[in-house]
Amino acid sequence: MDDRLQTACKWVEQSRRIVALTGAGISTESGIPDFRGPQGLWTQNPKAEKLSDIRFYMADPEVRKLAWQHRVAHPAWKAKPNPGHLALVSLEQSGRLHALVTQNIDGLHQAAGNSPQKVVEVHGTMHEVVCMRCDWRGPMQETLDRVRAGEEDPACTSCGGILKSATISFGQALIAEVIDRALQAAEEADLLLAIGTSLNVYPVANAVPLAKSAGARVVIVNAEPTVMDPMADAVLRGSIGEVLPRLVQGRRTNRISTA
Ligand SMILES: [Zn+2]
């Protein structure tokens, strides 16, 4: 591990246009469960998946009521960025982070201190709500206040339409400009770091072969094997909160005071 880590460290030092692609694995260490992973809520309880399926959500007020209760109680509201997130802030501060593409909806990269302009949220954000009829958007907490005050399925105040968190649900199309921006950034990278993602959600997983074929090095940091490990120049296993600070800053986590 240490030899591979040292080699990958050198690549990080030498690179000037690094693209990080992050998935649920970086947020589990902040206490946010991985809904789709092997131990995930949805994997163990397929019924829960209905809450995030746009067809059930639009058709069934009971599904929406339950979804709002889950939003109110979501662990992300209390979650704090961990050393993995902070390592990516250091990378941006060093001037070498080209883009931070994330599959996560929790906003922890911005909370850690990455600039919003660098973060590409391919699956949207849970910090905003969107009206499914008129496209009105607003802050999630204001709508959650309405739920806490007793509205079980709050409607859009402009048009009465159905509100939903501004995330991409199952059965819902990705936003073309956002995914295009993510994949273009991958093609412009000289180093792609795939972090905490099993790389089996498309099209964002295509960032890896796109970066590779454009000449970038690829480093995968994940607790479990991924389908794209054979394509990587280095695969680093272990806790992201431990590996990433060492990879990006060339030092051990026990020296990071913010941890
Ligand atoms: Zn509306």
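Remember, it's 1-based here, ligands and their atoms both numbered in the order they're listed.
Protein N/O/S atoms closer than 2.8 Å to the Zn ion (ligand 1), listed by chain and residue number, are Cys131 SG, Cys134 SG, Cys156 SG, Cys159 SG.
A donor and an acceptor atom, one from each side chain of Ser169 and Lys164, are located under 3.5 Å apart.
Between Arg64 and Asp153 there is a salt bridge, with a side-chain nitrogen of the basic residue lying less than 4.0 Å from a carboxylate oxygen of the acidic one. Salt bridge absent: Arg96 and Asp190 never bring a charged side-chain N and a carboxylate O closer than 4.0 Å. Remark: Glu13 does not engage Lys10 in a salt bridge, criterion side-chain N to carboxylate O under 4.0 Å. The residues Asp53 and Lys50 are annotated as not salt-bridged, no charged nitrogen and carboxylate oxygen being separated by less than 4.0 angstrom.
Remark: Asn222 engages Ile220, Glu224, Thr226 in a side-chain contact (heavy atoms from CB on, under 4.5 Å) (not counting sequence neighbours).
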